[in-house]
Every structure is written in structure tokens, then in C-alpha cells.
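What follows is a short report on a single structure.
The structure presented is a predicted model; accordingly, all values stated were derived computationally and were not measured. Order of the sequence lines sets the chain letters (A, B, ...), proteins ahead of strands, with each chain counted from 1.
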Amino acid sequence: MDYTPSNIEQKWRDYWKKEGIYKVSNDSDKPKYYVLDMFPYPSGAGLHVGHPLGYIASDIYARYKRLTGFNVLHPMGFDAFGLPAEEYALQTGIHPATSTETNMERYREQLGALGFSFDWDREVYTCDPKYYKWTQWIFTELFKHYYDQTEKKALPITKLAERFAQEGNKKVKAANSYKGKFTADEWNAMTKVEQADVLMEYRLAYRKIGYVNWCEELGTVLANDQVKDGVSERGGYPVVQKAMKQWYLRITAYADRLLYDLDEIDWSDSLKTIQSNWIGRSEGASIFFEVDGSDKKIEIFTTRPDTIFGATYMVLAPEHDLVAKLTTDEQKQAVADYISYVKSKSEVDRMAEKEVTGEFIGAYAINPFTNTKIPIWIGEYVLKDYGTGAIMAVPSDDERDQRFATKFGLEIIDVVDKSKYPGATLHDKAGVIKNSGFLDGMEVPDAITAACQKAEEMGVGEMHINYKLRDANFGRQRYWGEPFPVIYDQDGLAHVLEVEDLPLVLPDTEDFKPAKGGRSPLARLEDWTNLPNGMTRETDVMPAVAGSSWYFLRYMDPHNDEAFASQKAVNYWQDVDLYVGGSEHAVAHLMYARFWHKFLYDQGLVPTNEPFKKLVNQGMIQGVIENIFLDKNSSEDARRFVSADMVSEEEMDNYVKIYTHIDFVSDYGKPDSHLTAEGLKKFLDWRKIYQKATFESKDGVFKNGEVTLNEGATEFRFMTFSEVGKMSKSRYNVINPDEVIGRYGTDCFRMYEMFLGPIEQSKPWDTNGIDGVSKFLNRYWSLFFDNQGNWSVSDAAPSKDELKILHTAIKKVTDDIQRFSFNTCVSAFMVCSKDLKKWRCNKKAILKELTVLLAPFAPHVTEEIWHRLGEEGSVHHTTYPTFNESYLKEDSIEYPVSINGKKRGLAEFPSDASRDTIMEAAKELAVVKKWSVDQGKQIRKVIVVPGRMINVVVG
RNA sequence: GCCGAAGUGGCGGAAUUGGUAGACGCGCUGGAUUCAAAAUCCAGUUCUCGCAAGGGAGUGCGGGUUCGAUUCCCGCCUUCGGUACCA
């Protein structure tokens with residue numbers, strides 16, 4: 001009987017569903033294990049072959065853990081709110097709720113066809129009011145708390161208000177954006193509104209006016225990580241800086257914990273580095289510079305306070321608050337011109353242009369260490385968002401300051417002698433200080449400390465740790481997101497809804513298109529927005545990252561209406577043991593999720609400090625992108641395309657690459673990526689605008705559907721140019737898994753994706769090797785049948801050789817699963833099945849164990865075999881085979897014999913032979929003699945590693 | 001520029017602690033089966049000299065440590081990913 005996946009796979013999926021074999025209970029005596037996939041955006045495009053890579057790996061691991069006696073939580077859900085889902089809805093004109101539901105259904109089907117062991121009863125999706133009730137609730141909790149830097153945890157804001165009433169804010173060490181100081185009396189004298197405004201500056205969820213990334217095309221504000229190269233990550237639309245009042249999350253309060261706790265978790269170095277760079281901790285000093293003839297002071301941050309004697313001027317960010325106040329009348333016009341010049345530049349221009357620009361504001365500051373007057377400038381190279389938005393410029397030791405000083409003719413004083421450290425840069429913090437008063441002669445690190453001490457003594461500065469991490473902009477002027485559970489009273493003060501009033505359901509409306517100019521779509525729904533007594537609702541919605549910041553906790557207890565999850569459930573499941581997902585979420589999602597988790601931990605609501613113990617980033621499965629070259633100089637009605645082999649690298653600039661549908665090339669071409677005339681006709685039909693095009697290749701010319709061949713050419717071939725890149729609709733290189741599954745079956749697809757290479761590596765999809773995996777599954781199947789195709793399994797006792805083959809596989813597969821090396825697992829199965837076939841093994845004792853071993857990888861075929869073997873229940877509920885070392889023992893070992901490290905022969909020794917015995921015997925070996933005595937050389941040394949190798953040193 | 005990861009046959013890749021480089025698969029070559037093909041099975045397949053036995057070279061490049069290096073160290077080159085006036 002032949003192995004026919006289509007006959008068995010659906011049958012067993014139905015059986016698993018009916019029997020509920022993947023249901024997970026929170027009541028179990030078994031140890032827990034939580035395997036989580038990053039839940040997908042249910043986009044309209046459906047799944048492509050790249051999506052399942054991580055899901056297959058995690059499914060194998062989850063199944064392995066289940067077989068080894070763990071109670072495994074392995075859920076799936078959908079990240080259904082947010083821009084991608086909404087953009088799709090806008091394109092299609094269908095309500096986001098409807099299209100999201102349709103897309104989720106499609107995803108459920110596609111995921112189902114891959115045979116994953118998800119407990120679908122625990123599905124969560126972020127746009128479900130039952131789910132986002134708790135997203136909103138966590139937001140209200142963030143609003144009600146502040147971060148106490150003494151206790152290093154979040155505490156209720158009410159406690160802070162009490163403290164202010166008793167002792168003011170001078171002694172309070174808390175994360176805040178409030179600059180001033182006040183006493184208890186001053187606090188108590190404040191009005192209710194004034195007090196609320198102050199408290200707002202301490203809350204973990206707060207509202208402030210800030211410069212935000214505004215994208216007019218998308219009609220919303222974007223987070224820093226949604227902006228790439230000055231344009232929106234989605235759509236590539238221009239992004240400008242705009243001052244708006246927005247909700248923020250004070251993630252910076254947790255900066256140090258987010259940084260140092262990276263040490264506790266098992267993530268890849270590259271991912272930890274990305275997070276740590278994003279947090280961007282740097283140690284230095286904050287120093288105040290007085291302004292000549294003004295009571296204002298400019299605060300700067302520097303990592304090199306030791307170079308302060310070389311600070312010959314200052315630069316403020318053009319947006320700095322003090323610019324307007326300090327600019328002298330004579331410079332007013334020049335400064336205004338400069339600011340409008342800076343504003344006129346888009347983010348893209350600003351990054352492309354490296355030219356030094358700036359303007360003197362007419363005022364002078366006093367260098368506190370030298371007491372000299374130094375000019376104050378503004379310049380766009382000083383960023384408003386980093387440090388204090390102002391710098392002391394040390395042109396001798398900072399490349400940027402140097403360029404600026406050179407261009408504008410500012411004084412340069414050399415303060416660091418780096419002659420002892422050739423090649424040292426600013427970041428090396430190396431050298432000897434000179435021209436710097438009391439710091440002269442000190443090594444840089446000592447001078448930094450000394451300068452900080454001095455600044456503190458003088459009361460002009462202190463040690464300061466600065467972070468690159470910014471508070472998270474949390475408002476979006478869009479429709480498809482969680483509404484803020486916030487109401488403003490007549491005084492404009494924000495109040496959050498209590499848990500009994502949650503969820504605040506997103507009002508249903510057909511009018512969900514983004515509004516222009518910063519107004520939110522929800523603001524148009526006046527019935528919903530306006531409340532009695534002049535109260536109004538917040539009309540912004542939360543970003544997509546809100547719902548994904550805690551979903552892993554909801555899976556623990558997904559139907560709970562009393563809490564985000566019961567304490568019992570949370571205490572049982574604890575945290576995610578294994579998290580598998582793409583590295584594109586390295587900053588945003590993983591940072592916010594850690595932040596929320598730490599906040600909940602501070603509340604005692606979750607038992608662990610970090611949410612994801614181990615994280616594996618699966619690589620991307622890329623698609624082959626086929627391109628055709630279009631001559632830039634050809635006119636609209638006479639398009640000229642040329643074959644890839646006619647374009648040299650130098651000529652590349654004259655051509656534009658046009659994406660071709662991958663199917664044209666595979667259907668009407670050859671493996672070396674060329675299109676036939678027929679393929680080109682298809683291409684012309686598909687891209688109607690190019691119907692008047694001419695295609696030139698080395699073989700001839702293709703015009704108006706007619707081919708004119710060059711002399712000597714036998715057929716018209718048009719070379720395309722192929723590259724490898726991310727699968728995306730716009731590049732026409734998406735490969736859908738359904739087709740592959742239809743032809744080879746799910747088990748084969750799963751194993752082939754694993755066989756492709758290491759899970760963490762990106763690789764292009766190609767089906768060239770899939771036959772090998774298919775052959776393996778057929779071979780595995782054939783072990784159970786005789787030559788006539790009849791079921792033939794024997795109860796006879798297995799031989800020593802058969803046991804050795806099986807246990808070699810058990811060892812290899814088990815070790816490799818544990819280190820996430822699934823490609824080598826597949827090859828171990830291939831070796832095992834080949835060896836068993838060689839021995840014509842049909843012993844049940846062997847094949848049954850092999851079936852269980854294979855079950856995590858190929859869940860369907862193994863279930864079929866399991867039942868044919870007459871076993872009860874599901875193969876996925878049985879026990880994992882036990883490895884027995886003794887079956888691998890050999891009587892003798894074949895040693896490689898090397899002469900001077902070069903392998904020259906083999907020699908067999910009993911496996912219990914001692915090192916000394918082998919060493920002596922080795923000297924007598926013919927190979928050894930041949931390379932020593934026979935050539936008149938001496939044996940100098942013999943190295944034996946028992947069980948491994950022999951090396952003889954001759955000379 | 002800075003940070004991180006990587007570079008191994010025609011191709012995807014293996015070698016887990018410094019110990020037989022190229023497992024496994026694709027492709028290719030030859031053979032069996034077949035009227036023939038597909039499918040399947042068997043053998044071979046790093047390059048190179050040689051009929052062969054047997055040599056020589058070989059894990060991006062150049063050095064080093066070691067009895068022994070794909071693995072460790074130093075200096076380069078290339079590719080991919082992240083980040084970018086971060087004071």
C-alpha cells in the first residue's frame with residue numbers, strides 16, 4: 001500500500017479536533033512548559049511559506065515536551081488591531097471588523113492545515129472587547145502609578161500625592177518630566193488643576209505636548225520604530241515632526257531594569273545588543289552653564305566632562321525652549337530664518353545631507369571652569385530629543401564640533417594629548433589632559449571623575465546617566481484600535497474609567513477613514529464623544545503594540561471576566577519558556593512587552609520579572625525576485641526593455657528594475673531565469689501599460705508579439721535578473737504553502753521547511769530538495785509493508801544492530817531538538833530509515849519507538865501508523881522513547897591514525913583498550929612505520945585520545 | 001562610521017568541548033528494472049596528478065598558538081542584519 005498523504009492527513013486532523021487532544025488544562029500534576037509563537041497580523045494576503053517556519057519549529061518543540069511529560073501551553077491568536085489591518089480595510093473599503101474576521105478565518109484554516117498542536121479554545125485576538133477590556137485596564141493601572149527610583153518599582157500615584165502634601169517633591173526620586181521643585185506648603189497651595197498637572201508629569205501613562213512623527217498620508221502619529229529612513233514603515237509616506245498633545249508611556253522609568261535584566265534571559269547576543277543599543281545608556285555629567293546677562297541656565301549632558309576646558313562654544317537644538325528667550329535682537333531675523341530653513345527640510349533631506357549648518361543667537365554663556373564667555377549657537381546636529389537638547393562644544397576632540405567650528409571660525413583649544421594612544425578615538429576615552437588647569441596631566445578616566453567631583457563641589461553639575469530610549473508615544477489618530485478609557489472633565493482633567501466600566505467598546509461606525517490634520521476619526525462621533533455635564537471622551541486610540549504587550553498572559557486564562565488572568569493560572573504558568581518569532585520585533589514589541597510585564601510584576605500580578613525566558617528568532621524564508629530591465633530613456637509609448645545579460649554593472653544607472661511575476665519565469669522559462677516569447681506575452685498582458693514595449697535580448701528582438709531572431713540564434717530567450725528578498729505582494733515573489741501541501745502533504749512540508757537549514761538563518765525558498773524528504777517519508781512508510789504492499793510487522797525480538805540504529809537516532813534527534821537544530825534531526829531520520837531498510841527491519845519493537853520519535857515532526861503519518869500498529873489513543877499522548885547508551889557500545893573502535901596531524905590510515909582497537917596499550921601498539925602499525933622508520937625518521941611522540949584518534953609525531 | 005552575525009563542494013547545508021572536513025539532501029554520472037518513460041533501487045561524486053596503488057592541495061585572505069585548527073588568537077577582505085550627527 002502506498003503512502004498517500006491526502007488519504008490520511010485530514011482524517012487525523014478531524015480526529016484530533018473531535019477528541020480535543022491538544023486541549024490544555026490549568027490543573028495538572030505535570031510540570032508546566034509554555035511554548036509561544038508571535039501571533040500574526042491577519043493580513044488579507046494570507047500565509048506564505050515563510051510564516052510557518054517558526055510555527056513548525058515551536059510545534060515540534062511543544063510536541064516533544066508533551067511526550068516527555070510536560071503540561072504544555074501552546075496557544076495561537078491574532079494581533080488584529082492596528083495599522084496593517086486598518087490599511088487593508090481602507091484599501092478594500094470593507095469595515096475593519098469584517099475584513100479582520102474574514103482574514104482570521106482564513107488564517108485559522110491555513111494554520112489548521114499545517115497540523116499544529118494549538119489549543120484553539122485559548123485563542124485570543126486583540127480586537128475582541130473581552131480581551132481589550134484588560135488592555136484598557138492595564139493602561140488605567142499605568143495611569144494610576146508612578147515609578148519610584150528609590151524603591152525601583154511602580155507605586156500608586158495617590159501615595160505620591162500624599163508625600164507631596166507632607167514634604168514637597170525635593171526629596172522624591174521618581175521618574176518624571178516635571179522640571180521644578182516645590183515644598184509641601186507650595187503643593188498644598190496649588191489648585192486642584194495645578195496639582196493634577198504636576199501629577200500627570202509623574203504618571204507612567206501620561207499626556208503631554210511633544211514633537212511627534214506625524215504622517216499626514218496615514219493621518220496619524222507614528223512611534224519612532226514605525227519610521228524608517230524618514231518615511232513610514234508602512235506605505236513609505238513622508239513623516240514630519242509636529243507638536244501635538246499625546247498620550248505617552250513612561251518606559252524610560254524602566255530603562256535600567258530593561259537593560260540589566262537582559263543578563264537574566266536566554267536570548268541571542270545580537271538581539272540583546274539591539275535592545276541594549278536602543279536603550280542606549282551612557283554615563284556622564286549634566287552641567288549647567290550660566291548665560292551672560294541673563295538668569296537663565298543651559299543644562300547640557302556630556303560623557304566627557306574632562307574636556308570642559310576645551311568647550312569654546314555651545315550649541316542648542318533649534319527647537320530648544322531657550323532659543324526664543326536668549327536670542328538677541330540683532331540676531332532675531334537670522335535665527336528665525338535658520339529655524340524656518342530647518343523646518344522646511346523633511347526628515348529624509350535632513351538625513352541625506354551631512355553639511356554643517358547653524359546660526360549664532362547673539363548670546364554668550366559662561367564656561368563654569370574657565371569663566372570665559374563662549375558664544376551660543378543653534379545647529380541641527382544637536383538633537384532636541386537626546387540628552388538636554390544642548391551641548392558644550394569641544395571642537396578639539398569631537399569630530400562634529402570640529403567641523404562646525406572650522407566652518408564658522410570658532411576657537412579650538414586642544415585639551416587631550418593622545419600621542420600615547422595612537423589611533424584612539426573619542427569613544428576610547430584615552431589620553432592625557434592638557435591646557436586644562438587642575439586636570440592637566442591626568443589620564444582621561446581619572447579626569448572625568450575629577451571634573452564631575454569639581455562640578456558637584458561648585459554646584460554646577462553632577463554625575464548623570466542618560467538614555468537614548470524615549471518615552472513611548474501611545475496615541476494614534478486612527479479608528480482601528482483600543483479606545484482610551486479616559487474621560488476629560490470640565491477643567492480638562494483626565495480621569496480613567498474603573499474596571500467595572502470596562503471594556504469601553506470601540507463604537508461601530510462606517511465612517512472610519514482617517515481624518516486629516518491631526519483629528520481622530522472617533523472625534524466625528526459626537527454622540528459617543530460628548531458626555532453629560534460637559535465631559536468628553538478621549539478620541540485617540542492605542543497603537544497595535546498595546547494589545548501585543550501582554551497577550552501571552554491572557555492565554556493562561558483566556559476566558560476570565562474578573563481579571564486579565566487569575567492569580568492561580570498566572571502562578572501555575574509563570575512565564576513563557578520558549579518564544580519563537582521574527583527579529584523584526586526586536587525592539588518595539590519585545591521592549592514594550594518586557595516593560596508591561598515588569599510593571600505588572602511590581603504590582604505583584606505576575607510572578608516573574610521577565611516574560612520570555614528563552615527566545616529564538618527564526619530566519620526569514622525569502623522569495624526569489626525576478627526583474628526585467630527598463631531603459632530609463634525610453635519614452636512612455638515606446639518602452640524598451642533589455643535582457644539582463646546586456647546590462648553591465650556600470651550601465652545599471654540607466655535602467656530601472658521592474659518586478660516580474662515569479663510564475664512567468666517558472667512556467668515560461670528555464671532554471672537559469674530566462675523568459676520565452678510566450679512568457680513575455682503573458683507579461684505584456686499582465687502589465688497593460690507596456691503593450692507597446694520592445695524587448696531586446698542577445699537572441700533578437702521581441703516587438704508587437706513578433707520575434708525577430710539574430711543570425712545564429714535558434715530561439716528567443718530574454719534573461720531576467722533574479723535576486724533574493726523578503727516575500728511580499730508588491731514584488732510578486734510570494735509562494736503559498738497550499739500548493740506545496742497539496743502535492744506533498746503537510747508532514748512533508750513541515751519536515752522540508754525544517755530541513756532547509758538552521759532555524760535562525762534566512763534562506764530563499766526553493767523546492768529543489770523536497771523530493772528527498774518525500775522519499776524519506778515513503779521509505780519510513782514502506783518499513784511497515786512487504787514487497788507486495790501488505791502490512792507486515794513482526795513481533796520478533798530486535799537484533800543488536802537494529803537496536804543500535806534506533807538508539808543512535810533517539811540520541812541524535814533528542815539532542816538536536818534540545819538545541820533547536822531541526823535540520824539535523826531530519827537528516828538523522830533519513831539515516832535511520834535507510835539503515836533499517838538495509839536490515840529489512842520490520843520489528844514492531846523498533847518501528848513503534850521510531851514512530852513516536854518522528855511524531856513531533858510528522859504528526860499525521862505517525863498517527864496513522866500508530867493506529868495501524870493497534871495502539872490505543874493518540875501517538876501524541878504516549879511516552880517518548882528512552883535512550884539506552886548500552887546499545888551503542890561497540891566491541892572495537894576504528895581509530896584514525898594521523899602522522900603529524902595528517903590522516904594516513906585506520907587501525908582497529910578493542911573499545912576497552914587502555915591508552916597505553918594503544919600508544920604502544922600504534923608504534924608498530926604499518927602506516928606508522930611507513931612514515932617514520934621507512935623514511936629514516938624517528939617517532940617523537942604518540943598522542944592517543946581514547947575513543948577518538950591517534951596522532952603520531954615523527955621527525 | 002559604529003554594533004552584531006556569518007563566509008565550508010555545482011547547490012542547501014553537517015562537523016555539539018581543539019580530535020577522521022564535506023553527514024544528510026538536491027543536482028550530476030554510471031548501472032539495475034522497463035518495449036519505453038516516469039517512479040523506484042544500487043554505485044560513484046571537494047579539487048588535482050595517476051590506469052591503479054598512492055600522492056598533493058583544501059573550510060574568504062595573510063599570519064600565529066598547538067602533536068593536531070572549520071573551531072582559539074592577531075590583522076585584513078566580503079556578505080547580511082541593526083543603527084546612525086546619541087554629545
Side-chain angles (χ1 to χ4, degrees), chain A residues 2 228-229 268-278 280-282 284 300-304 307 311 315 350-351 353-356 379-383 385-394 397-401 403-404 425-427 466-469 583-584 586-587 617 619-620 671 724 752 755-758 760-764 766-776 778-779 782 812 815-816 818-819 821 823-831 834 837 894-906 930 940-945 947-955:
Chain A
D2 287 342
K228 288 259 148 73
D229 303 326
S268 71
D269 283 344
S270 73
L271 206 102
K272 285 185 183 183
T273 313
I274 291 171
Q275 287 228 332
S276 127
N277 288 346
W278 193 264
R281 180 183 197 272
S282 55
I300 60 106
F301 172 75
T302 178
T303 54
R304 296 295 303 273
T307 63
V315 187
R350 201 164 162 167
M351 275 193 282
E353 214 174 305
K354 289 283 174 192
E355 205 194 322
V356 182
E380 57 180 330
Y381 84 96
V382 175
L383 307 173
D385 273 339
Y386 185 75
T388 60
I391 60 156
M392 64 172 199
V394 184
D397 274 275
D398 184 291
E399 210 183 299
R400 295 152 301 170
D401 294 346
R403 266 188 289 150
F404 195 87
T425 66
L426 179 74
H427 301 285
N466 194 53
Y467 295 96
K468 212 162 82 179
L469 185 71
S583 57
E584 65 271 25
V587 268
N617 277 136
M620 223 164 23
V724 166
Y752 182 58
F755 190 58
L756 232 35
E760 288 179 297
Q761 214 165 83
S762 289
K763 51 236 156 188
D766 82 280
T767 42
N768 284 340
I770 199 165
D771 284 337
V773 176
S774 182
K775 273 183 215 168
F776 155 71
N778 275 293
R779 198 185 309 122
S782 72
K812 176 76 179 150
D815 286 355
D816 287 357
Q818 280 164 3
R819 60 187 188 106
S821 176
N823 54 332
T824 51
C825 289
V826 178
S827 93
F829 281 121
M830 288 171 168
V831 171
K834 257 195 164 160
K837 192 83 191 169
E894 197 175 49
Y895 282 84
V897 181
S898 298
I899 311 294
N900 291 342
K902 179 101 191 152
K903 189 185 139 196
R904 295 295 178 188
L906 296 166
K930 183 185 165 193
R940 306 255 177 230
K941 202 173 171 187
V942 180
I943 293 135
V944 174
V945 181
R948 279 280 185 197
M949 46 65 69
I950 299 165
N951 188 22
V952 183
V953 185
V954 303

Look at the side chain of K812(A) against the base of U16(B) and say whether a donor-acceptor pair falls under 3.5 Å; ignore hydrogens and angles.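 Indeed, a donor on one side and an acceptor on the other fall under 3.5 Å apart.
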Please produce a list of atom pairs where a protein N or O lies less than 3.5 Å from an N or O of nucleotides 20-26 of chain B.
residue : atom : partner : partner atom : Å
U20(B)  : O2   : K903(A) : NZ           : 3.2
G25(B)  : OP1  : K834(A) : NZ           : 3.2
C26(B)  : OP1  : K775(A) : NZ           : 2.9
C26(B)  : O2'  : N768(A) : O            : 3.2

Base, sugar-phosphate, or nothing: which does [X] touch, judged by heavy atoms less than 4.0 Å apart?
X	value
L756(A)	sugar-phosphate
P764(A)	nothing
R281(A)	nothing
I274(A)	sugar-phosphate
V945(A)	base

CA sep, side-chain torsions, deciding dist, call: V773(A), M830(A), side-chain contact (heavy atoms from CB on, under 4.5 Å): CA-CA 8 Å; V773(A) 176; M830(A) 288 171 168; 4.0 Å; yes
Rounded to the nearest Å, what distance is computed from the [atom1] atom of residue [X] to the [atom2] atom of nucleotide [N]?
X	N	atom1	atom2	result
K763(A)	G7(B)	NZ	P	14 Å
N778(A)	U40(B)	CG	P	8 Å
E380(A)	A87(B)	CD	C1'	16 Å
R904(A)	C67(B)	CZ	P	19 Å
D766(A)	G27(B)	CG	P	11 Å
N277(A)	G81(B)	CG	C1'	13 Å
K272(A)	U83(B)	NZ	C1'	20 Å
E760(A)	G81(B)	CD	C1'	13 Å

Work out how far the [atom1] atom of [N] is from that of [M], and round it to whole angstrom.
N	M	atom1	result
G62(B)	G58(B)	P	9 Å
C72(B)	C2(B)	C1'	26 Å
U65(B)	G75(B)	C1'	15 Å
G81(B)	C73(B)	P	26 Å
A14(B)	A87(B)	P	38 Å
A52(B)	C61(B)	P	29 Å
C11(B)	U33(B)	P	35 Å
G9(B)	U45(B)	C1'	10 Å

Who is the Watson-Crick or G-U wobble partner of [N], with both distances under 3.5 Å?
N	result
G1(B)	U83(B)
U78(B)	A6(B)
C72(B)	G64(B)
G18(B)	none
U40(B)	A32(B)
A53(B)	none
U59(B)	none

Taking the side chain from [X] and the backbone from [Y], do they hold a donor-acceptor pair closer than 3.5 Å?
X	Y	result
K763(A)	P758(A)	yes
S827(A)	T824(A)	yes
D398(A)	A393(A)	no

Of all the nucleotides listed ([options]), which has the minimum atom distance to the side chain of [X]?
X	options	value
R400(A)	U83(B), C85(B), G4(B)	C85(B)
P758(A)	C85(B), G13(B), U16(B)	G13(B)
D816(A)	A87(B), U16(B), U83(B)	U16(B)
I943(A)	C67(B), C3(B), A87(B)	C67(B)
K941(A)	C67(B), U83(B), A87(B)	C67(B)

Would you mind calling G25(B) syn or anti? Take O4'-C1'-N9-C4 for purines or O4'-C1'-N1-C2 for pyrimidines, and syn is within 90° of 0.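 Judged by the O4'-C1' to base torsion, G25(B) sits in anti, the angle falling more than 90° away from 0.
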Within the pair Q761(A) and A6(B), is there a side-chain N or O less than 4.0 Å away from OP1 or OP2?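 Looking at the OP1 and OP2 atoms of A6(B), neither is under 4.0 Å from any side-chain N or O of Q761(A).
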Taking the basic N atoms (NZ, or NE/NH1/NH2) and the acidic carboxylate oxygens, is any pair closer than 4.0 Å for D816(A) and K812(A)?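 A salt bridge links D816(A) with K812(A).
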Contact between Y381(A) and L383(A) at the side-chain level, heavy atoms closer than 4.5 Å - yes or no?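 Of all side-chain heavy-atom pairs linking L383(A) with Y381(A), none is under 4.5 Å.
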Close side-chain approach of W278(A) and K468(A), heavy atoms under 4.5 Å: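 A side-chain contact under 4.5 Å is absent here.
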List in chain and number order the residues that pass ring pair (Phe, Tyr, Trp, His ring centres under 6.0 Å) with Y752(A), two or more places apart in sequence or in another chain; answer none if no residue qualifies.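 Counting only residues at least two positions away or on another chain, Y752(A) forms a ring pair (Phe, Tyr, Trp, His ring centres under 6.0 Å) with W765(A).
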Students often mix this up, so state it plainly: with edges at 30° and 60°, are the rings of F829(A) and F776(A) parallel, tilted or perpendicular?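 Tilted, since the angle between the ring planes falls between 30° and 60°.
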Could you give me the CA-CA distance, side-chain angles and deciding distance for S821(A) and N823(A), then say whether side-chain contact (heavy atoms from CB on, under 4.5 Å) is met? CA-CA 6 Å; S821(A) 176; N823(A) 54 332; 3.4 Å; yes
Assign each of I950(A) and D385(A) to its nearest nucleotide of RNA chain B by heavy atoms, then name whichever residue's nucleotide is nearer the 5' end.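 Looking at RNA chain B, the more 5' nearest nucleotide goes with I950(A).
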